[in-house]
Amino acid sequence: MTTVHELSRAQARRIAVRAQLLAEPRPDDLLQVVRHLTLLQDDPTAVVSRNAELVLWSRLGSAMERHAVDDALAAGTLVDLQGLLRPAEDLALYRAEMEAWPGDDPHRRAQAEWLEDNDECRRDILERLADEGPLPSSELPDTTVVPWRSSGWNDDRNVRMMLELMAARGEVATVGRAGSARQWDLAERVYPDDPAVPLEEALRIRAERRLRALGIARARNTATPVEPNHVGEVGEPAVVEGVRGRWRVDPTYLDDEFAGRAAILSPLDRLVYDRKRMVELFEFDYQLEMYKPAAKRRWGYWAMPVLYGDRLVGKVDATADRDAGVLRVDAVHEDHDWTGEVRSAVDDELEDLAAWLGLRLMR
């Protein structure tokens with residue numbers, strides 16, 4: 001009979017923090033961090049720094065070189081797969097899915113029909129990239145005969161949607177950014193030519209590695225674009241005191257060793273990315289407010305969650321003003337009264353963040 005591990009919330013939190021490499025000791029190698037986390041979300045928003053850079057700094061601290069992400073992309077050790085940066089060798093785990101696209105998913109089948117209706121445009125894009133790539137989407141031809149239609153967000157963005165679907169089937173790939181604009185090229189020029197891992201085996205390996213990176217997760221969860229938050233039946237079953245339902249846990253973390261520290265996180269950090277899991281395990285009140293009108297924001301446009309030990313304890317509203325040469329801290333929101341030790345640790349992190357950005361800290 002399979003043992004169901006009974007965890008307190010504190011134990012579950014510590015598993016999640018350790019799995020995300022946010023406990024002591026800090027890691028010191030960028031590629032090893034990305035291999036463990038499996039991905040970095042390459043969101044271009046840079047209120048403080050790009051998400052991928054900020055996620056790495058939260059783990060590596062001073063060992064994180066300022067332009068290391070761009071250098072790794074240029075060197076080909078990291079690749080962009082649908083907006084997520086992954087180690088190049090991991091592409092072998094995605095090739096079979098690309099080859100099988102769209103599969104049985106009805107939504108993807110509808111996308112495939114649109115792609116087929118506009119096959120001439122697809123061929124025009126491939127020809128232009130072959131001759132002149134890498135190029136931004138703005139320099140690629142829109143020869144679609146059936147325009148893309150959506151609920152509004154992607155209306156009249158035919159080329160952008162064409163590229164996203166071509167990337168899903170492994171024809172094109174992002175090779176970096178010029179400013180905020182993604183640069184596209186033929187995937188065969190970007191991705192390593194490693195043989196594909198068979199689909200069923202690849203999905204299992206990906207779920208195992210996802211659980212290793214999260215520590216504890218649901219077997220099933222609400223669907224999310226590109227990267228799921230759930231892990232299926234890998235790992236071992238667990239329940240968390242005070243939280244309904246079953247979880248899956250990576251038994252590697254059940255030794256209960258834990259040495260916490262302070263960390264300032266990106267709003268898109270995987271420790272908090274699954275907001276439902278964040279609430280269930282950390283009981284943390286938070287949402288990204290950049291899309292809210294300024295008058296309705298409680299914490300700030302890009303307020304960064306603050307981790308201390310195994311608790312999320314507040315938010316820091318800060319902006320990197322590079323013209324003025326300062327990291328401006330507009331507010332520090334304490335969820336509960338912080339001790340002097342917590343304040344001192346968070347102050348040290350802010351000083352380190354400013355130094356890493358090459359800016360002066362201004363409170």
Side-chain angles (χ1 to χ4, degrees), residues 30-31 34-35 37-44 50-53 55-56 67-103 108 111-112 114-116 118-119 121-144 148 154 157-197 199 202-203 205-206 209 225-228:
L30 181 148
L31 190 55
V34 185
R35 283 173 174 153
L37 298 180
T38 76
L39 62 88
L40 297 171
Q41 185 170 338
D42 190 28
D43 190 278
R50 281 164 48 194
N51 175 70
E53 296 170 341
V55 166
L56 288 169
H67 300 291
V69 173
D70 287 336
D71 291 345
L73 284 167
T77 53
L78 293 183
V79 295
D80 184 316
L81 181 59
Q82 294 182 276
L84 301 178
L85 307 185
R86 300 184 186 273
E89 65 266 22
D90 284 5
L91 261 294
L93 297 171
Y94 294 86
R95 286 192 178 278
E97 188 174 36
M98 291 174 178
E99 292 168 4
W101 192 92
R108 289 180 179 176
Q111 293 175 333
W114 180 80
L115 201 62
E116 186 175 344
N118 292 291
D119 190 61
C121 178
R122 170 184 154 274
R123 293 176 182 277
D124 289 343
I125 288 173
L126 290 173
E127 183 177 347
R128 179 70 65 84
L129 289 177
D131 291 342
E132 303 177 32
L135 293 170
S137 61
S138 59
E139 294 185 26
L140 293 171
D142 182 358
T143 54
T144 53
W148 180 265
N154 290 312
R157 298 187 181 184
N158 298 326
V159 172
R160 171 183 163 178
M161 297 312 301
M162 179 73 67
L163 289 166
E164 295 290 348
L165 299 182
M166 292 169 70
R169 53 193 263 170
E171 293 182 309
V172 299
T174 305
V175 294
R177 292 180 183 269
S180 61
R182 298 163 75 183
Q183 301 292 299
W184 295 89
D185 205 347
L186 300 179
E188 63 193 47
R189 293 175 177 166
V190 181
Y191 294 158
D193 190 24
D194 298 328
V197 177
L199 182 57
L203 292 174
I205 294 171
R206 283 157 52 180
R209 295 189 58 203
V226 187
E227 180 73 7

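Positions are given from 1 along the sequence.
- Using modelled atom types, one finds no donor on one side chain facing an acceptor on the other under 3.5 Å when comparing R95 with Y191.
- The closest donor-acceptor contact from the side chain of N158 to the backbone of W148 lies under 3.5 Å.
- Contact record, M162 with N118: CE-CB, 3.6 Å, taken as the closest heavy-atom pair.
- Considering all non-hydrogen atoms of both residues, A92 and P195 come closest at CB-O, 3.5 Å.
- P192 and A88 make their closest contact through CG-O, 3.3 Å (heavy atoms, listed as atom of the first residue, atom of the second, distance).
- Under a 3.5 Å cut-off, the side chain of R128 and the backbone N or O of L135 do not form any donor-acceptor pair.
- For the residue pair V159 and S137, the shortest heavy atom distance occurs at CG1-O, 3.7 Å.
- For the side-chain contact (heavy atoms from CB on, under 4.5 Å) with Y94, the lone residue among Q82, E99, R86 that qualifies is R86.
- Here D119 pairs with R123 in a salt bridge; the nearest charged N to carboxylate O distance falls below 4.0 Å.
- The shortest non-hydrogen separation linking V79 to P87 is CG2-O, 4.4 Å.
- Just one of R206, R209, R35 meets the side-chain hydrogen bond (donor to acceptor under 3.5 Å, both in side chains) condition when paired with D90; it is R209.
- The salt bridge (charged side-chain N to carboxylate O under 4.0 Å, His left out) test with E164 is passed by exactly one of R182, R169, R108, R157: R182.
- Scanning both residues, A196 and A96, for their nearest heavy atoms gives CB-N, 3.9 Å.
- Proximity of a side-chain donor or acceptor of N51 to a complementary backbone N or O of Q41 within less than 3.5 Å is detected.
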